[in-house]
Structures are given as C-alpha cells and as structure tokens.
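These notes are about the structure you will find just below.
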There are 2 protein chains.
Amino acid sequence: MAVTTVTIAEIAKTTQATVSRALRDDPSISPKTRQRIKRLAEELGYRPNLLARGLVGGDTYTIGMITTGLDVEVHSVKITAFEESARNKGYLTITAFNPNEPGLEDKLIIRLLQRSVDGFVIYPAEHGEHKELRALVEKNFPIVTFNGDGRLDFQTNDVSLDYYEGGKIQIEHLSAIGRKRIAYIYPVFSCYTIDQRVSGAKEAAHNAGVDFELIQIDTGNSGQRVQTELAYEKLREFFRKNASRFDAIACHNDLFALSAIRALHQLGIKVPDYIAVIGFDNISASEFSMLTISTISQPAEQMGLVAFQTLEALVKEKNSRESEHEFIRVKLKPELVVRESTGRIVDC
Amino acid sequence: MAVTTVTIAEIAKTTQATVSRALRDDPSISPKTRQRIKRLAEELGYRPNLLARGLVGGDTYTIGMITTGLDVEVHSVKITAFEESARNKGYLTITAFNPNEPGLEDKLIIRLLQRSVDGFVIYPAEHGEHKELRALVEKNFPIVTFNGDGRLDFQTNDVSLDYYEGGKIQIEHLSAIGRKRIAYIYPVFSCYTIDQRVSGAKEAAHNAGVDFELIQIDTGNSGQRVQTELAYEKLREFFRKNASRFDAIACHNDLFALSAIRALHQLGIKVPDYIAVIGFDNISASEFSMLTISTISQPAEQMGLVAFQTLEALVKEKNSRESEHEFIRVKLKPELVVRESTGRIVDC
DNA sequence: CTGTTAGCGCCTTCAA
DNA sequence: TTGAAGGCGCTAACAG
C-alpha cells in the first residue's frame, strides 16, 4: 500500500534500519548511501508515518492548542500568529476549543495527550480545578499558558497581556482630554481579565482625581457570551436615564463600545462632543465604523509568536536535559489607539 | 510509566488481548470479566494510546480540517460549528490554516495524512492544481469541501453557499425599495465566490431593469488580503467624484460596506436617504454599527453542521463497504437581513 | 469465552 | 558503516 522504510530498503537492497537512519541524517551513515536512499525515498513519494514515530517515543512535531472559541477576534489573531510560526518551524498545531467549561478543559487535554503532542498552549478556563493542566505542569511537560497569570493558582510558563495597565490607560486618556465624570461599563459576569481592567481604571481615576463610577450591564448570562441585542437595549435604557451624569465612557471591549455609541446616537447624544467613548481590543470594526473608535490595542500577533518561541524552547530542552529552572513569565503591554470617539476635546 | 493494556492485564491476571477486547466491548467477552477490567482501567486511569490504535489501521477519531485564516468572521463560525458537532460525536478536529496558497494546501494535506486522520474537510485554495486533494478524492478517501463547487475542476462531496443567489438578492432588495441606479463595489482580485455574487447581481439588475455598474476598488493586493485603510481612502475618493450617479451601493462584504458608509458619511452624503447600502455576510459589526447594515446572511453554523454530518457518514461507510455512489453536493441559500442602511425608501 | 501469535511503521540498542 | 533483533501499545486473526 503506502511506501514505508521497508519498501525503500527492499529496493535499495539494504535494511530497514539503514533507511531509517539515512532519512534522519544519522551521522553513522555514509554520505553515499544516505544520498542514494534519500533520492529513492523522494522518487517513491515516501512519507514518514508520524504515528509510528510517535509510538516509539520520538517527537511528533505536533503541538496541542486549547483555546476559547473563535468568536473573539483578538483570540483569532493570537491563534493565527501561533499557528503560523509553528508551521514555519515544521510543527502542526492541533486546535481544540473550550467555551470556558472547566470540565471540558480536562477532557480536551486528555484527548490531545492521547495523540502524543510534544507540548501544549492553553488558554485556561476561567474557573475550575485545572486538574490535568496542573498535573502536566508538575511533571514538567512543555506547556505555555495564555493569560494564566492571575487566574491559575499555580505557576506556569505564561504569556499575558497587562490588563490592569490597559484599564489604566483607558482612563488616563479620557482624563487627559479633559473628561471628569467617567463611567466604566462592563457585563456582569465575573472574569479575571475584566476585573483587572476595572481595577486599573479605578486606580487611574483615583490618581487623576476624576469622578468614576462602575456600571455593570446584565447581558443575559448564557455562559460567558454576551447577547448582543439585549446588551444594546440595556445600554440604551441606561443612557436614557443616566447619560447626563457622564462626559466619558470606558468599555471593557470594542463591541460594547460600538453598542454604546449606537445607543448614544439613537438618543441624539453626540460622541465625542458630549460623551467620549473608549473601547478595548482594537477589533477591525473599530477602525471601519462610521465613527471610528479609540481603543486599547493588544499586541496579539506578538503574543502568539512569543508563546510559540517559548514553547519550542521547552520542547527542545526537554529532549536534551531535564533541567529544572524558573518559569518563564511574559507580560506584554497594551497600547492606546486614538480615533474619533475621543477625538475632540470639550472644555467644561 | 503510563498505564497500558499490559499493565491492566498483569493486575487482572489475564492477557493483554482480553483487556483490549473488553475495553472495546467486544461481544466475545463475558460480562463479568468485561466489567472487572473496565473498573480496573478506570481506577488506574487508563487512557488508550490513539497512535498505537491508529497504527494498526483502526479509526483515529481525528478529522483534519484545512481552511483559510480566521480573519473572516464567517469562516470562524463555520469552523466552530463543525468542531463542536465533531467533538460531540467523539471526534477531534485538527485544524490547519492555509492563507490561499495552492502549494501549502498540498503540504498541509500531507501533514495531516501522516497523522492518520479519518477524513478531511477542506476549504480549497482559490487556484492551483489541488494535486493531493484530487488524489484523495480519486481513491475515495472521506472528504468534504467547502465552496468547492465551481472552483474545483473535479467533483467532490461539497457544501457551498449559493453566492449567485446572494448577489441576486442584494440587487432585488435595492430595486424593491425603489433604487434605480446601483453600483456593485468589490475589490480587484479575482475570486470565484465574488464572481458569482457579481453575476447574480448583474442578472437581477437586468431583470429589474435598473442601471447597474461594476466598480472595482484597488485595495492593494497583498495576496487576497484587503488593506483596510487603503480601501477606505479609495472608496472616499471614488464617492467624492461619483456619488451623484448612484442611489444605491451593493458591496461584496460587510467590511466593505462599513467602509463605504464611513466614506459617504465623511462626505456628508446621507445613508440610506441619498444612497442605500447593502453588504454581504452578516458579521457582528453590521449589527453593532452606529448605522446598522442591511446584508446577506450565510447559514454558517448550518454549513459547519452539514459538513460534519456528511463527513461522518462517509467515514462510517468506508468502514462497512466500498460502495461507490454519487457525490453529495449541498448548496445552501443565503437570506436577506434588512437593517437601517437600506431602511428608508426615497421616491424620485 | 479466552490465550497465543503476528504484525502496524518506526527507532534503538547490540553486534558485526 | 551497516545488519539483526527487539519493542512502542494496540488490533486482529487463529486456536483452543
């Protein structure tokens, strides 16, 4: 059927082991036969069976990725960047999605382990014990987490965004353009990264000496998913009653900011003249929108890239030594992007 | 190290083969020993090694997916829907991305084959020979393509959206609200699905007896990727000179429509009063935007679902018989979503 | 019903 | 520098 090392050996009138060695550039093989075998393999269209290779304990050049769904644009960018750098180094990334169910995380880890992945990138579920993850980390299996810092109660190699800093920057910017009565709007469900943004915002407001109020919008908690239409309705209702109290709004993400702007627009409240709005994430729509949105940009490609480089290093090192050393923890800084929604300065 | 069937056999004082059979519910095993072995396996935390299983020729419960990047929201929805239904049936989907390079498609297929996937879902690259894909289809390997209809010169099991119909619906709607001078705006790079939209639109315009003009915008051809800022500039320039000639614009997708609306807004041209705008895809931003966008909605979840069901059937059938039968070809209909950007009717 | 015996395709000792 | 042999964990005959 398929051409294997045995097929090649028979034709080359040598043994299977020699073929195997030649193909892997084993130094013990003479340049001559190596070349001969390689040519033959090429001609016959030989493709190493990675299952067999993995079975005997070698690397599979496969990395398991477990992440939340693709509904958040920023995650997609991270995933894409990771996959691309992995692919360029000859790794295949096998991706499994976990819409934030703690139990599913364990199951997916097991499933991927059964396929003998060389390492893992994991965006941990918000809650749960992380039983499997913890076990792997303890046995020193190559793992890198995204945003594990703070939501896991044990150390890992981690690449995170500094959400606290992000929240701070949002408010500092609003304050810098002269706004003094600021609301921070976010959904009710609890989530570490949102909490961080809020904390950072609170501190910045305190430092700047501006009024600051936290507004939680109940978006219908179908899991962590925001129900878009409902969110819009709630926002409009809120602004109808309370808009006059504020001259600026910071939102936990750009979609919320879009909805907020739409609601304000409906109510005839001009943005940014009366109320300035800033979002978070820098999704593409915030640049395409009729009124472009100021926001906080995540270095998402870089996060994907750094995560892969870290993981690759761990995988290689595992093969050489079992050196125990410190966990690698990278925390990247977000950046302010100023657009129309905070564009004009109003003097009060 | 890890617990295997041998480990269990030793403890259960039986043979490895018996354990293997018991675990797989082989009817030849007595209920007693089966239960005993299963309990033991559970206690020991046994996890079958899927590589070994795959090596002997059995199913791996792994499906390979090759698709374009995650930058297009509709694709993400399809992927997510597919992955979820696969997961619920015990399959792992391993996803590889191909930003439309014909050569890469072949490479990725090979890589996934080396991991012994049970089947493939492929969103074929726009151009190229599709050498590997063709070979697999010929040897009757379980494969389902997305939008392969029209862009492949050979038959496959396929799930497509009817883009022609979509283009038609766009124009029919604009005509139905009384518009008579319509432009179809799309980027310069050629692509089967865009061509289809345009053809459908053209026919609809002809049938409705309205003026119809094709406008291609040069968005800088970094591959197939639209350069957003450039696209916006070009659109604004175009409208500045030509807006007066039209009372409606149809765009090949929603991001373009967003940009178009922003450009029109900048120029002080009211949407939909002077110019109505309709997009394509129904991305979330089209609903969140300050001015919500009328568009054509793809049944993306359904496409993912149908693709998986079709593929699963092929995989199962392969195991039973080598029955040769017709290719399964599903063509789904898009739907009109009316929002503000075509909301008000203007009499002329 | 259960045990025995071959492999699947590859890598890795150990000899020669 | 190459060959021979064993085994990774599992499934699939073939016996008993």
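None of these values were measured; they are calculated from a predicted model. Chain letters run A, B, ... following the sequence lines, proteins first, then strands; residues in each count from 1.
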Spacing between B:I29 atom CD1 and D:dA12 atom C1', to the nearest angstrom = 13 Å
Counting only side-chain N and O atoms of B:T14, is one of them less than 4.0 Å from OP1 or OP2 of C:dG3?
-> yes
Starting at CZ of A:R21 and ending at P of D:dA5, how long is that distance when rounded to a whole Å?
-> 14 Å
The nucleotide from D:dA4, C:dT2, D:dT11 with an atom nearest the side chain of B:S20 is D:dT11
Could you give the CG-to-P distance, from A:L23 to C:dT12, as a whole number of Å?
-> 14 Å
Base, sugar-phosphate, or nothing for A:T4, non-hydrogen atoms under 4.0 angstrom?
-> sugar-phosphate
Within the side chain of A:D59, is there an N or O that forms a donor-acceptor pair under 3.5 Å with the backbone of A:D118?
-> no
Rounded off to whole Å, could you give me the CD-to-P distance for the A:E10 and C:dC10 pair?
-> 13 Å
Think A:T18 has a side-chain N or O under 4.0 angstrom from the OP1 or OP2 of D:dG3?
-> yes
Given atom CG of A:D26 and atom C1' of C:dC10, what is their separation to the nearest angstrom?
-> 14 Å
Establish, for the pair A:K89 and A:F308, whether the NZ or CZ atom is under 6.0 angstrom from the six-membered ring centre and no further than 45 degrees off its axis.
-> no
Side chains of B:Y123 and B:E105: does their closest heavy-atom pair fall under 4.5 Å?
-> no
How about B:P31 and B:Q35: do any of their side-chain heavy atoms sit closer than 4.5 Å?
-> no
Is there a side-chain polar atom (N or O) of A:T15 under 4.0 Å from OP1 or OP2 of D:dT2?
-> no
Rounded to the nearest 0.5 Å, the CD atom of A:Q16 sits from the CD1 atom of A:I8 at a distance of 9.5 Å
C:dG9 phosphate, OP1 or OP2: any side-chain N/O from A:T5 under 4.0 angstrom?
-> no
Integer-rounded Å distance: C:dC10 P and A:D59 CG | 16 Å
N or O in side chain of B:S28 less than 4.0 angstrom from C:dT2 OP1/OP2 = no
Can you check whether B:S30 has a side-chain N or O nearer than 4.0 Å to OP1 or OP2 of C:dT2?
-> yes
Would you call B:Q302 and B:L332 a side-chain contact if the rule is heavy atoms closer than 4.5 Å?
-> yes
Could you check which residues of residues 36-56 of chain A get a heavy atom under 4.0 Å from DNA chain D? Sort them by number, please.
-> A:L55, A:V56
Using a heavy-atom cut-off of under 4.0 Å over every strand shown, decide if B:R24 touches base, sugar-phosphate, or nothing.
-> sugar-phosphate
Mark yes or no for whether A:N157, through its side chain, and A:I143, through its backbone, hold a donor-acceptor pair below 3.5 Å.
-> yes
Quickly work out the B:Q16 CD to D:dT11 P distance and round it to whole Å.
-> 8 Å
